[in-house]
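In what follows, every chain begins at residue 1, and chains take the letters A, B, ... in the order their sequences are listed.
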Number of protein chains: 2
Amino acid sequence: MTAETAKTWETSREEFVAQWGALGSNWGINRTMAQIHALLMTAPEPMYTDEIMLRLHISRGNANTNLRELSGWGLIRLVVKKGERREYFEAEKDVWKMFIIIAKERKRRELDPALDVLKGCAEQTRGETAGAGRDFHRQMKELQEFVEFGMKVSDTVAGMKHASALQWAIKLLG
Amino acid sequence: MTAETAKTWETSREEFVAQWGALGSNWGINRTMAQIHALLMTAPEPMYTDEIMLRLHISRGNANTNLRELSGWGLIRLVVKKGERREYFEAEKDVWKMFIIIAKERKRRELDPALDVLKGCAEQTRGETAGAGRDFHRQMKELQEFVEFGMKVSDTVAGMKHASALQWAIKLLG
DNA sequence: TCTTATTTTCAGATAGTTCTGAAAGTTTGA
DNA sequence: TCAAACTTTCAGAACTATCTGAAAATAAGA
């Protein structure tokens with residue numbers, strides 16, 4: 001029975017890992033990284049590099065690079081078992097924490113550099129007081145303000161505990 | 001004077017187009033598409049294919065493909081000028097409308113398929129009542145609920161007028 | 001210090017994406 | 001119905017991202 005049950009969920013898990021990897025592409029995250037994350041997120045115990053290589057049929061270099069990358073995001077952490085030399089990895093499993101980590105990282109990668117560009121362009125055309133030049137300046141300014149505003153909302157939400165975020169959202173939706 | 005002024009803002013615009021294109025990559029949008037969008041967003045008048053090809057130094061095929069793609073997103077629209085045969089394009093310039101369009105599209109591309117996977121995995125392991133199988137089921141369920149919740153929030157916000165969204169956000173931030 | 005287990009790096013290979021340019025298709029007006 | 005103006009398509013080229021595998025680096029115990 002235990003064996004059968006185990007087989008059932010492991011099958012589902014394999015599918016999850018495979019599909020999540022495919023989805024990674026849509027998300028701008030590379031397939032292997034997404035697969036490793038899915039694998040660790042559903043791992044009952046921390047795993048080490050060779051296990052991961054074996055499960056996903058990937059090379060050592062690939063596994064290592066993407067494990068580093070995931071650590072960099074803060075989505076997985078290194079675990080050392082006493083008496084053992086090799087490094088194990090485990091994923092953050094709390095959905096809200098995961099969300100906050102991803103939101104922050106995306107903000108840093110997507111919004112911050114965009115804001116710099118907008119600020120620069122708005123600044124350079126501050127003197128435009130008529131015609132197309134003014135319109136351009138206005139557009140840059142509007143975009144800049146919108147992005148800044150979005151960042152503030154995102155920071156506020158990211159600073160919340162799960163419970164109070166729920167609270168807040170229920171009010172919004174109700 | 002007019003010529004000088006024009007030169008100034010056009011320089012800034014060129015930079016905006018170039019940089020926005022580079023940013024597109026981070027955003028999972030291809031460079032050309034982002035550049036065309038930036039160009040049209042800052043165009044005083046609708047533009048046609050050959051103008052765009054010339055400004056961005058891209059081929060006809062490339063221009064055409066990406067113009068179609070942008071129309072598909074709803075970020076630009078086709079304009080016909082009476083008495084003229086060729087098609088002109090103009091971009092949606094309202095920041096809030098742009099945001100809603102992008103949010104909807106990203107939801108469709110990123111969230112909808114993810115939700116399907118999660119539902120499938122949660123469904124398949126509904127019978128798991130103990131041990132690792134149950135944990136897996138719980139994890140899928142949690143993720144599913146979180147994504148559904150996020151979608152609801154996103155729908156609600158997307159349904160708002162700019163003014164009431166601001167209203168709401170000020171309350172959140174204040 | 002030496003040996004062995006483990007991790008990291010990176011040049012070249014592979015796979016995936018985007019772009020070009022020319023040919024085919026479409027529309028319009030004479 | 002024809003020709004000109006314009007748009008679409010798509011095979012192959014160019015470019016980019018990712019992966020492999022083996023060698024180099026590192027760390028720990030004997």
Side-chain angles (χ1 to χ4, degrees), chain A residues 17-40 46-73 75-90 109-110, chain B residues 17-40 46-73 75-90 109-110:
Chain A
V17 170
Q19 299 254 241
W20 208 247
L23 289 174
S25 315
N26 298 351
W27 270 78
I29 285 165
N30 93 45
R31 208 183 69 230
T32 307
M33 190 174 146
Q35 283 186 338
I36 296 180
H37 185 230
L39 187 65
L40 287 173
M47 296 176 80
Y48 56 93
T49 305
D50 287 78
E51 284 181 291
I52 293 167
M53 287 165 60
L54 213 67
R55 293 282 301 234
L56 301 180
H57 303 288
I58 60 175
S59 73
R60 187 170 302 287
N62 194 10
N64 185 70
T65 305
N66 284 293
L67 284 166
R68 289 309 121 204
E69 186 80 356
L70 282 165
S71 303
W73 278 64
L75 286 169
I76 64 174
R77 57 184 154 266
L78 218 134
V79 181
V80 276
K81 295 200 179 181
K82 37 193 169 184
E84 288 211 46
R85 189 138 148 203
R86 64 189 154 204
E87 297 172 335
Y88 286 74
F89 298 91
E90 72 179 0
R109 302 179 156 219
E110 300 182 355
Chain B
V17 171
Q19 300 253 240
W20 208 247
L23 288 175
S25 315
N26 298 351
W27 270 77
I29 284 164
N30 93 44
R31 208 184 69 230
T32 306
M33 190 172 146
Q35 283 187 337
I36 296 180
H37 186 231
L39 187 66
L40 288 173
M47 298 175 78
Y48 57 92
T49 305
D50 287 77
E51 285 182 291
I52 293 168
M53 286 166 60
L54 214 65
R55 294 278 305 230
L56 301 180
H57 305 285
I58 58 173
S59 72
R60 186 169 303 284
N62 194 9
N64 184 71
T65 305
N66 284 292
L67 284 166
R68 291 305 124 206
E69 185 80 358
L70 281 164
S71 304
W73 277 65
L75 286 169
I76 65 175
R77 55 184 155 266
L78 219 134
V79 181
V80 274
K81 296 199 179 185
K82 36 194 167 180
E84 289 212 44
R85 188 137 151 205
R86 64 188 154 205
E87 298 173 336
Y88 286 75
F89 298 92
E90 71 178 3
R109 300 178 159 220
E110 301 181 354

Quick test: give all pairs of protein nitrogen or oxygen and nucleotides 23-29 of chain C nitrogen or oxygen below 3.5 Å, distance rounded to 0.1 Å.
unit_1, atom_1, unit_2, atom_2, d
C:dT27, O2, B:R85, NH2, 2.5

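For the side-chain contact (heavy atoms from CB on, under 4.5 Å) with B:H37, the lone residue among B:L75, B:V17, B:I29, B:T32 that qualifies is B:L75.
Interatomic distance, CG of A:N64 versus CD of A:E69, reported as 11.5 Å (0.5 Å rounding). In this structure, CZ in B:F89 is found 11.5 Å from CD in B:E51, a value given to the nearest 0.5 Å. Within the model, atoms CG of B:L67 and CD of B:E87 stand 9.0 Å from one another, a figure rounded to the nearest 0.5 Å. Note that CG of B:L39 is 4.0 Å distant from CE of B:M47, once rounded to the nearest 0.5 Å.
Near DNA chain D, defined here as any heavy-atom distance below 4.0 Å, the residues from residues 61-72 of chain B are B:G61, B:N64, B:R68, listed numerically.
Judged by closest nucleotide on DNA chain C, A:E87 is the one of A:E87 and A:S25 placed further toward the 5' end. Both B:S59 and A:E84 lie close to DNA chain C; mapped to their nearest nucleotides by heavy-atom distance, the more 5′-ward contact belongs to A:E84.
Here the C1' atom of nucleotide C:dT18 and the CD1 atom of B:I36 are 12 Å apart, to the nearest Å. The separation between B:M33 atom CE and C:dC19 atom P is 11 Å, rounded to whole Å. Summarising the geometry, the separation between CE on A:M53 and P on C:dA5 is reported as 16 Å, rounded to the nearest angstrom. What separates OH of A:Y88 from P of C:dA5 is a distance of 15 Å, to the nearest Å. For the pair A:M47 CE and C:dT7 C1', the computed distance is 18 Å after rounding to whole Å. When rounded to the nearest whole Å, the span between CD1 of B:I58 and P of C:dT18 equals 14 Å.
No side-chain heavy atom of A:E110 sits under 4.5 Å from any side-chain heavy atom of B:L23. Taking 4.5 Å as the limit, some side-chain heavy atom of B:M33 sits within range of a side-chain heavy atom of B:W73.
Nearest heavy atoms, A:G24 versus A:A34: CA-CB, 4.0 Å. Closest of all the heavy-atom pairs between B:A63 and B:M53 is CB-CG, 3.9 Å.
A salt bridge is defined here as a Lys NZ or Arg NE, NH1 or NH2 lying under 4.0 Å from an Asp or Glu carboxylate O, and A:K81 with A:E90 fails to meet this definition.
Contacts of B:R85 classified as side-chain contact (heavy atoms from CB on, under 4.5 Å), with partners at least two apart in sequence or in another chain: none. Scored by the side-chain hydrogen bond (donor to acceptor under 3.5 Å, both in side chains) test, B:R31 finds no partners at all (sequence neighbours excluded).
Side-chain atoms of B:N66 come within 3.5 Å of backbone N or O of B:N62 as a donor-acceptor pair.
Comparing the axis of the opening five pairs of the helix from C:dT1-D:dA30 to C:dA30-D:dT1 with that of the closing five pairs yields an angle of 10°, rounded to 10°.
Nucleotides of DNA chain D lying under 4.0 Å from heavy atoms of chain B occupy a range whose first and last members, 5' to 3', are D:dA4 to D:dT9.
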